[in-house]
Amino acid sequence: MTYYPDQRFASEYAVIRREVMLPELATGTIRITEGKKVDVRDVAAQGVMPSRHIIIDAMDILGLRKPEELLGLMQVEPGDTVEDQDVLAGKNPKRGKRVFAPVRGIVARVDNGRIILQEMPEILNLEAGVRGRVVRVEPGRGLVIEASGGQIQGVWGNNRRVISVMRMEPDGGLKNIESDDLDLRYKGVVVITQNTLTMRSFEVMHDRNLVGIIAPSMDVSLMDIALNSTGAIFLTEGFGDMRMSRALFTLFEKFNEQQITLDAYMPGRWENRYPEIVINRTTREESPPRRPNPLLALRSTMTIRVSREPYAGQTAKVVEIPKLPVQLDNGLRVLCAKVELSTGEVVFVPLSNIEILGR
């Protein structure tokens with residue numbers, strides 16, 4: 001039996017294909033043609049997200065008996081642009097019962113005791129994020145770019161995307177990043193830490209103006225804080241208290257002080273897409289970049305990562321792939337691989353708990 005596990009790529013130099021696509025509901029324009037070279041910060045796709053209409057029951061808020069009474073209390077007119085919390089209606093714009101705008105928008109209509117507000121449309125300018133060549137254009141949607149550089153995929157992200165310099169944490173960890181205004185080494189950069197994120201980590205990111213943190217893991221109780229953070233959070237191992245593998249940390253060390261595109265994508269339940277880091281290489285390599293093989297079968301001597309407990313996050317080398325199911329300590333009989341962990345311990349791991357570290 002041939003088994004094709006999930007892959008997470010961690011490559012120093014590989015061919016990378018990136019899709020830069022507008023959301024499905026957006027209407028847009030793609031001004032870049034196929035075959036054109038693009039740089040990291042080039043705008044690859046421009047679009048507009050449709051704006052929603054918000055209906056405000058002003059008659060009820062002001063306690064009016066008849067819809068026409070609202071017309072004499074309006075502080076704005078149809079067509080006016082208003083900011084969030086601007087006064088829309090009320091006898092006195094500074095006190096008493098008033099109607100406030102819940103968002104920035106345009107007053108569309110006043111009808112039957114209601115104020116209809118059209119929210120300002122969201123303008124989208126999507127950057128290429130990589131340095132490469134456009135290999136396909138989808139009119140009105142986006143394009144596909146082929147580039148070469150380093151590629152490291154993670155396990156979880158908080159749906160933020162930044163382009164910045166990547167820098168190793170100082171001795172002693174994130175908490176030792178100085179707050180002195182004269183020390184600007186970490187301002188506006190993405191910091192790599194070998195330690196599990198804590199509440200203090202998010203405080204440091206905010207106080208020291210970090211734009212992102214790459215870490216092995218964090219407690220699941222911090223998820224809401226991470227999702228509401230303005231900076232990008234990228235986990236290489238997952239939730240819990242796990243250390244970053246030495247092989248992965250060594251790869252990050254090679255790219256220290258280099259510009260990266262950190263796409264801390266948060267994959268949906270049924271999506272086979274990972275958050276990832278692209279290192280935009282500027283130097284020419286003697287050997288051509290590797291082209292990833294998405295259909296890589298599990299085989300002996302292959303380096304893998306264990307994705308679930310009790311060995312979650314550990315790297316291992318495949319020793320043998322038994323043809324018959326193996327009985328585990330919990331009593332279940334499942335198809336397994338016999339692997340040697342980085343600690344030297346040899347164990348059986350269910351095939352469903354294995355990821356290939358694509359290189």
Side-chain angles (χ1 to χ4, degrees), residues 8 10-13 40-41 129 149-265 275-283 305 313-315 342 357:
R8 282 203 301 129
S11 177
E12 187 173 346
Y13 192 46
V40 177
R41 292 198 175 273
Q151 180 184 27
I152 300 171
Q153 293 181 328
V155 172
W156 187 86
N158 67 339
N159 248 3
R160 302 287 187 271
R161 184 172 180 269
V162 297
I163 299 172
S164 185
V165 170
M166 179 172 64
R167 184 162 291 150
M168 310 301 294
E169 66 183 350
D171 293 339
L174 285 174
K175 64 180 182 297
N176 283 358
I177 295 179
E178 297 293 336
S179 59
D180 191 336
D181 290 339
L182 296 178
D183 186 358
L184 302 178
R185 289 176 300 161
Y186 290 96
K187 185 176 181 179
V189 307
V190 175
V191 176
I192 306 167
T193 177
Q194 293 189 78
N195 302 308
T196 298
L197 293 183
T198 64
M199 187 62 195
R200 178 59 182 153
S201 306
F202 291 96
E203 293 171 356
V204 170
M205 181 168 68
H206 179 267
D207 294 342
R208 310 297 185 260
N209 295 313
L210 311 181
V211 298
I213 299 177
I214 300 167
S217 58
M218 72 178 186
D219 193 273
V220 71
S221 64
L222 296 173
M223 182 183 288
D224 285 344
I225 294 172
L227 292 174
N228 289 314
S229 171
T230 56
I233 303 297
F234 181 97
L235 302 182
T236 63
E237 310 303 327
F239 292 98
D241 185 11
M242 293 179 280
R243 298 279 292 179
M244 189 180 297
S245 72
R246 185 61 205 172
L248 194 57
F249 188 74
T250 299
L251 187 56
F252 277 125
E253 285 183 314
K254 290 183 179 180
F255 295 129
N256 188 35
E257 305 288 347
Q258 293 197 36
Q259 184 192 57
I260 66 167
T261 298
L262 193 165
D263 187 359
Y265 180 75
E276 71 174 8
I277 296 164
V278 173
I279 296 90
N280 300 292
R281 306 291 294 270
T282 56
T283 57
R305 175 186 178 274
Q314 294 194 45
T315 56
S342 55
L357 293 175

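Residue numbers start at 1 and run along the sequence shown.
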Determine whether L197 and L235 satisfy the following criterion, side-chain contact (heavy atoms from CB on, under 4.5 Å), listing intermediate values before the conclusion. CA-CA 9 Å; L197 293 183; L235 302 182; 4.3 Å; yes
Under the 3.5 angstrom rule, does the side chain of R160 hit a backbone N or O of G212 as a donor-acceptor pair? no
Where W156 and M218 come nearest, the two heavy atoms and their spacing: CZ3-CE, 3.7 Å
Please check if the side chain of S164 supplies one atom and the backbone of G188 the other of a donor-acceptor pair under 3.5 Å. yes
What closest approach, in Å, do G240 and S217 show between heavy atoms, and which atom pair accounts for it? O-OG, 3.4 Å
Quick one: are M168 and F249 in side-chain contact, heavy atoms under 4.5 Å? yes
Does any non-hydrogen side-chain atom of V190 lie less than 4.5 Å from one of V211? yes
Measure the spacing between CD1 of I152 and OG1 of T236 and express it to the nearest 0.5 Å. 9.5 Å
Mind checking whether V278 and D263 have side chains closer than 4.5 Å, heavy atoms only? no
Roughly how far apart are F252 CZ and M244 CE, rounded to 0.5 Å? 5.0 Å
Checking L210 against I177 for the side-chain contact (heavy atoms from CB on, under 4.5 Å) test, could you report, in this order, the C-alpha distance in whole Å, the side-chain angles of both residues, the deciding distance, and whether it holds? CA-CA 10 Å; L210 311 181; I177 295 179; 4.2 Å; yes
For the pair S201 and T193, evaluate side-chain contact (heavy atoms from CB on, under 4.5 Å) and give the outcome as yes or no after the intermediate values. CA-CA 10 Å; S201 306; T193 177; over 6 Å; no
Are L251 and E12 close enough that some pair of their side-chain heavy atoms sits under 4.5 Å apart? yes
Checking side-chain contact (heavy atoms from CB on, under 4.5 Å) for the pair I260/F255: CA distance, chi angles, key distance, verdict? CA-CA 9 Å; I260 66 167; F255 295 129; 5.6 Å; no
Looking only at heavy atoms, which two atoms of N195 and A215 are closest? And how far apart? O-CB, 3.9 Å
Got a second to check how far R200's CZ is from L174's CG, nearest 0.5 Å? 9.5 Å
Which one of I233, I163, I213, V162 satisfies the side chain to side chain contact (heavy atoms under 4.5 Å, CB included) criterion with L262? V162
Under a 3.5 Å distance rule, please check whether T250 uses its side chain to pair with a backbone N or O of R246 as donor and acceptor. yes
Say whether, by atom type as modelled, one donor and one acceptor occur between the side chain of N158 and the main chain of G231 under 3.5 angstrom. yes
Can you tell me how far apart CG (D219) and CE (M199) are? Round to the nearest 0.5 Å. 12.5 Å
Would you call R305-E237 a salt bridge at under 4.0 Å N-O? yes
Should F234 and I277 count as side-chain neighbours, where that means a heavy-atom distance under 4.5 Å? yes
Say you draw a straight line from CD of E257 to CE of M166; how long is it, rounded to the nearest 0.5 Å? 9.5 Å
Closest approach of I279 and Q151, non-hydrogen atoms and distance? CD1-N, 4.3 Å
Shortest non-hydrogen pair, T196 vs P216, comes out as N-CG, 4.3 Å
Within-4.5 Å side-chain heavy-atom neighbours: Y265 and N159: yes
